[in-house]
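Notes follow once the structure below has been shown.
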Amino acid sequence: MAESLPGRVLGPVVVRLPPEPSLSKVLRLAASALGALGGYSVDEIEDVKIAVSEVMIALVEHGSGNEVEISLAIDADFIVRGSTESAGFDADHPDLMLCRTVLEGVSAAHGIAVNDGQAQIWATVHHTVTD
Amino acid sequence: MSNHNTADSNIINVAISDDGCIVVRGEIDMAGGPVLEAAILEREALATDPVAGSCEPHAAVVIDLSGVSFIDSCGLRALLGAARRAGAQDRWVALRAASPEVARLLEITGTTAMFRMEPVGG
């Protein structure tokens, strides 16, 4: 059984996947495992799972329909970054507002941007170190 | 009880119980949200059909969420859509035994008040 490694830099774990909704669970499982290794609490891991899911929603529902890349890492905070081709991506789409609201609730910081033909979204979930 | 579990969404099981309650088990995410929405629409159609369903004008759509282990904005969107449609007809949507995961998402999005919250056993 793997033991947790609190305080360690972990990752990035980079996953490329087709824009298939059911694969969101795969990312959540990977993020849960990484969070557990990093010593994240159950509640913090729940926040990580939601953040990962919201990043996936934004890229799959509003992206170009092409491959999505997600990066998961722990470096002080849990950092999830996602990107896809930006063709058709509307960062101000009303449906994205709910995504943003949820991300605001579960993450310490988040952002959505379109740069150099890529739609990019990121979020960080804070980890409280306990004795 | 009719089931809405589909081959490509095996992380969610949505069924309509004999008393008309929509019973959800599993994870309501990007794959599960549309499954839940289809079940809600089916239940709404029954509730407004004078032949097939209840004619009670304030009949609730009741959704049992006690078995939901994960929900994101896709799942919330399905619930909010139901709440908006119900509100437009002077009805309401009841969420029965919302799991902590559901309660948290409602809380952080400020949408709890859009639903009638029912405890276990409603």
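As a basis for the values below, the full set of heavy atoms in this structure was taken, side chains included, without hydrogen atoms, waters or symmetry mates. Proteins get letters first, then strands, A, B, ... in listed order; numbering begins at 1 in each.
In this structure, no portion of B:Glu107 lies under 4.5 Å from any heavy atom of chain A. In this structure, chain A has a heavy atom under 4.5 Å from the side chain of B:Leu80, while its backbone stays farther away.
Hydrophobic clustering keeps B:Leu65 apart from B:Leu41 (ILVMFWY residues linked when any side-chain heavy atoms are closer than 4.5 Å, directly or through intermediates).
Taking each heavy atom of B:Asp72 and A:Ser53 in turn, the nearest pair found is OD2-OG, 2.6 Å. Taking both residues in full, the closest heavy atoms of A:Pro21 and B:Ala31 are given as CB-N, 3.9 Å, listed atom of the first, atom of the second, then distance. Looking at every heavy atom in both residues, A:Val106 comes nearest to B:Arg104 through CG1-NH1, 4.1 Å. Considering every non-hydrogen atom in both B:Ile108 and A:Val102, the closest pair reads CD1-O, 4.0 Å.
Atom SG of B:Cys74 and atom CE of A:Met56 lie 10.5 Å apart (nearest 0.5 Å). B:Asp29 CG to A:Leu27 CG: the interatomic distance, rounded to the nearest 0.5 Å, is 10.5 Å. How far CZ of B:Phe70 is from OG of A:Ser24: 6.0 Å, rounded to the nearest 0.5 Å. Atom CE in B:Met30 sits 13.5 Å away from atom NZ in A:Lys25 (nearest 0.5 Å).
Taking a cutoff of 4.0 Å between a charged side-chain nitrogen and a carboxylate oxygen, A:Glu61 and B:Arg77 qualify as a salt bridge.
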